[in-house]
Amino acid sequence: MSIIHSIFGGLVPKSEANTSLYPLQTLDSSGAPVDVGQHRGKVVLIVNTASKCGFTKQYDALEQLHKKYGEQGLVVLGFPSNDFMGQEPGSDAEIESFCRINHGVSFRLFPKAPVVGTNKQPVFAALTTRGPREIQGEVRWNFEKFLLDREGRLVGRWRSYVHPGWGVFERAIRRVLAA
């Protein structure tokens with residue numbers, strides 16, 4: 001793995017060893033299980049989010065990607081977390097309201113839950129420990145981005161400071177959508 005890849009992230013080379021993460025379970029706001037695998041056949045962008053973070057404006061670019069590529073099969077899923085310096089202190093209802101009013105978010109947001117540590121939610125346990133070795137490891141901050149291909153294989157990961165509106169990021173999305 002190159003130093004650039006470890007700092008910024010990106011797509012990983014195709015490999016037979018990279019198997020599907022599906023079934024991939026989480027909970028909705030009522031506590032009912034949700035299978036992220038329901039999006040099989042689509043490209044899924046999973047992002048851990050926070051409303052009081054220096055990267056919060058990334059919600060705008062994530063929403064733009066959701067609108068621009070949704071018909072081509074992109075699904076954006078937001079997973080709020082209060083793991084990093086208490087930057088997501090609100091309730092699930094407050095988080096959703098903030099995102100809708102301030103950033104026009106229409107993609108799905110899940111209930112606030114840990115993305116690091118021993119109590120991290122199952123989606124992030126899978127994203128950080130399965131898939132290609134070069135992109136495994138704990139989430140370091142809010143707004144890390146994970147990309148699953150149409151079969152549920154983890155094919156890319158980007159750190160927080162990689163803005164989803166950057167051309168290199170959008171080209172990666174298009175490349176996976178076209179595959």
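In this chain, numbering begins with 1 at the start of the sequence shown. Because the structure is a prediction, the values reported are computed rather than measured.
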Open item on the list: Classify the ring geometry of Phe110 against Phe79: parallel below 30°, tilted from 30° to 60°, perpendicular beyond 60°.
Closed with: parallel
Open item on the list: I'd like to know if the side chain of Glu94 and the backbone of Ser91 have a donor-acceptor N/O pair within less than 3.5 Å.
Closed with: yes
- [ ] Find the distance between CG (Asn142) and OG (Ser81) and round it off to the nearest 0.5 Å.
- [x] 6.5 Å
- [ ] Would you check if the side chain of Arg157 reaches a backbone N or O of Ile135 as a donor-acceptor pair within less than 3.5 Å?
- [x] yes
Task: Phe169: which of Trp158, Tyr161, Phe143 passes ring-ring contact (aromatic ring centres under 6.0 Å, His included) - done: Trp158
Task: Distance-only donor-acceptor check, side chains Glu170 and Tyr69, under 3.5 Å - done: yes
TODO: Spell out, as yes or no, whether a donor-acceptor pair under 3.5 Å connects the side chain of Asn82 to the backbone of Gln87.
DONE: yes
- [ ] Verify, without hydrogens or angle tests, whether Gln58 (side chain) and Ser160 (backbone) share a donor-acceptor contact under 3.5 angstrom.
- [x] yes
- [ ] Ignoring hydrogens and angles, state whether a donor on the side chain of Thr128 or Gln136 is under 3.5 Å from an acceptor on the partner side chain.
- [x] no
- [ ] Measure the spacing between OG1 of Thr26 and CG of Leu77 and express it to the nearest 0.5 Å.
- [x] 9.5 Å
Task: Straight-line distance of Asn48 CG to Lys112 NZ, nearest 0.5 Å - done: 13.5 Å
TODO: Would you please test Val44 and Phe146 for side chain to side chain contact (heavy atoms under 4.5 Å, CB included) and show each step?
DONE: CA-CA 8 Å; Val44 179; Phe146 298 82; over 6 Å; no
Open item on the list: Just verifying a value: how many Å separate Thr129 OG1 and Lys120 NZ, rounded to the nearest 0.5 Å?
Closed with: 6.5 Å
TODO: Using atom types as modelled and distance alone, determine if a side-chain donor or acceptor of Asn18 lies under 3.5 Å from a backbone N or O of Leu154.
DONE: yes
Task: Straight-line distance of Arg108 CZ to Glu96 CD, nearest 0.5 Å - done: 10.0 Å
Open item on the list: I'd like to know if Arg140 and Glu144 make a salt bridge, using a cut-off of under 4.0 Å between side-chain N and carboxylate O.
Closed with: no
